[in-house]
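A quick note: this is a predicted structure, and the numbers were derived from the prediction, not measured. Side-chain atoms are counted along with the backbone in the values below, which use heavy atoms only and exclude waters and symmetry mates. Throughout, protein chains are lettered first and strands after them, A, B, ... in sequence-line order, and every chain is numbered starting at 1.
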2 protein chains.
Amino acid sequence: MSNDPNIDAIRSDFIEKTGLISQSEGLPRIAGRIFGMLIFDGQAVAFADLATKLEVSRASVSSSIRLLEERGLIKRMTKSGDRQDYFRLATDPYATMLQGLQKRTQANRDEIAETIQSLPANSEAADRLNEYAKFHESKSAAIIVALETIRAAAPTSSEPQNAVLKEHQND
Amino acid sequence: MSNDPNIDAIRSDFIEKTGLISQSEGLPRIAGRIFGMLIFDGQAVAFADLATKLEVSRASVSSSIRLLEERGLIKRMTKSGDRQDYFRLATDPYATMLQGLQKRTQANRDEIAETIQSLPANSEAADRLNEYAKFHESKSAAIIVALETIRAAAPTSSEPQNAVLKEHQND
DNA sequence: AAGTTTGTTCAGTCTTAACTGAACAAACTG
DNA sequence: CAGTTTGTTCAGTTAAGACTGAACAAACTT
């Protein structure tokens, strides 16, 4: 947090926003707030600080962290001389989010395509199911376009934000 | 339903799939099943049949129907000589779904843009928030592309499926 | 009129998942 | 070694919203 009370208010506000947005995308609200905090602060944040500043239990932090890690949106870091884990945004979290969304959309399309395949050849329902499949298909295609846009526009800075922190090797 | 037990199984399967897909998109499962049933059957389905065939209460049908109507995904019809309401898919439900998604995405982007505006000019957080805003922006733009694709590809048949049914004028 | 069919509403139940506190294991410190 | 800090796990609570049954109003039928 900053020493400017005004900025702190904006920050809290932003964190709440990301919490709500993430919730609408199927993540728990706390995970969204963590994500928002990492965006706003820009530096690696300590595990304990996440719990303290967001006023949630360590258990909640732990499980939300796990979700965000699994989705490739954040990275766990360590700091020599400090036993705590630190977290920062992954290198290109937005591309990764889009990629995940695209995969799920494509999976939906494939499921519908399967249903169509299993239909007898003359089935008059096939056309309508196909419309539905095409909907998912074009959604998927569009997300790929968005992915390319974002990847082109983001030659993401390769500088680590803090030389003392180093990537944690997990599995 | 058809008289072919095989097709009936495929049909039920499909209806369950649409239920799950819709659920992942923030609609109640029953609403998704109704949507799926309307896709598969192709004809207008009576209110009572929705409750019976999906084995859910009329109350659930009523509220899910309301959601689907509000989103512009289905239409209520009447049949002269029949007191029941009938339902069919709206003319281009997929375009409408994409439009809704696009609006919500754009609204998210705008909220973030607002936060950025409220930040003092020299704030070092601005760049990171802007990345986040651009993510939503390109997602929104991509959905518009999908919309155009779908609208171009769907010169939707203008023939009513059943001459006896007529559009219900609601408000 | 009384009775029926229809869809909605509302209060309450049920389900699911988010969230918590406490117990725990691992890694440290003294 | 005993004691602390750290993150995870697990059992249980809480909260949100999906779903139901019953009461209801409106539009019919007889």
Quiz prompt | Partner residues of B:Glu25 under the salt bridge (Lys or Arg N to Asp or Glu O under 4.0 Å) criterion, sequence neighbours left out | solution =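 With sequence neighbours excluded, B:Glu25 shows a salt bridge (Lys or Arg N to Asp or Glu O under 4.0 Å) to A:Lys139, given in chain and number order.
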Quiz item: salt bridge (Lys or Arg N to Asp or Glu O under 4.0 Å) with A:Glu124: which residues, sequence neighbours excluded?
Solution: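 So A:Glu124 forms a salt bridge (Lys or Arg N to Asp or Glu O under 4.0 Å) with A:Arg128.
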Exercise. Starting from the 5' end of DNA chain D, give me the residue, A:Arg83 or A:Ser62, whose nearest nucleotide shows up first.
Key: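 Looking at DNA chain D, the more 5' nearest nucleotide goes with A:Arg83.
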Quiz prompt | Within residues 58-67 of chain B or reaching into it, pairs that qualify as side chain to side chain donor-acceptor pair (under 3.5 Å) - sequence neighbours excluded | solution =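 Listed by first then second residue: B:Ser57-B:Ser60.
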Quiz item: What pairs with A:Ala90 under side chain to side chain contact (heavy atoms under 4.5 Å, CB included), at least two apart in sequence or on another chain?
Solution: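 Testing A:Ala90 for side chain to side chain contact (heavy atoms under 4.5 Å, CB included), a comparison that skips the adjacent residues, returns A:Lys75.
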Self-check item: A:Glu111: side chain to side chain contact (heavy atoms under 4.5 Å, CB included) partners, not counting sequence neighbours
Solution: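 Residues passing side chain to side chain contact (heavy atoms under 4.5 Å, CB included) with A:Glu111: B:Lys17.
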Below 3.5 Å is the cut-off: list the nitrogen or oxygen pairs between protein and nucleotides 17-20 of chain D, distance only.
from, atom 1, to, atom 2, distance (Å)
D:dT20, OP2, B:Ser57, N, 3.0
D:dT20, OP2, B:Ser57, OG, 3.0
D:dT20, OP2, B:Ser60, OG, 2.4

Quiz item: If you walk 5' to 3' along DNA chain C, what is the first nucleotide with an atom under 4.0 Å of a heavy atom in chain B, and what is the last?
Solution: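 First and last nucleotides in contact are C:dT4 to C:dT9.
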Exercise. Go through the structure and list residues passing side-chain hydrogen bond (donor to acceptor under 3.5 Å, both in side chains) with A:Gln23, not counting sequence neighbours.
Key: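 Applying side-chain hydrogen bond (donor to acceptor under 3.5 Å, both in side chains) to A:Gln23 gives A:Arg29.
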Quiz prompt | For A:Arg71, all residues meeting side-chain hydrogen bond (donor to acceptor under 3.5 Å, both in side chains), sequence neighbours excluded | solution =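 For A:Arg71 there are no side-chain hydrogen bond (donor to acceptor under 3.5 Å, both in side chains) partners, ignoring immediate neighbours.
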Quiz item: Quick one: are B:Ile74 and B:Glu69 in side-chain contact, heavy atoms under 4.5 Å?
Solution: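 Yes, at least one pair of side-chain atoms sits under 4.5 Å.
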Self-check item: Between P of D:dC28 and CG of B:Asp85, the distance in whole Å
Solution: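 These atoms are roughly 12 Å apart.
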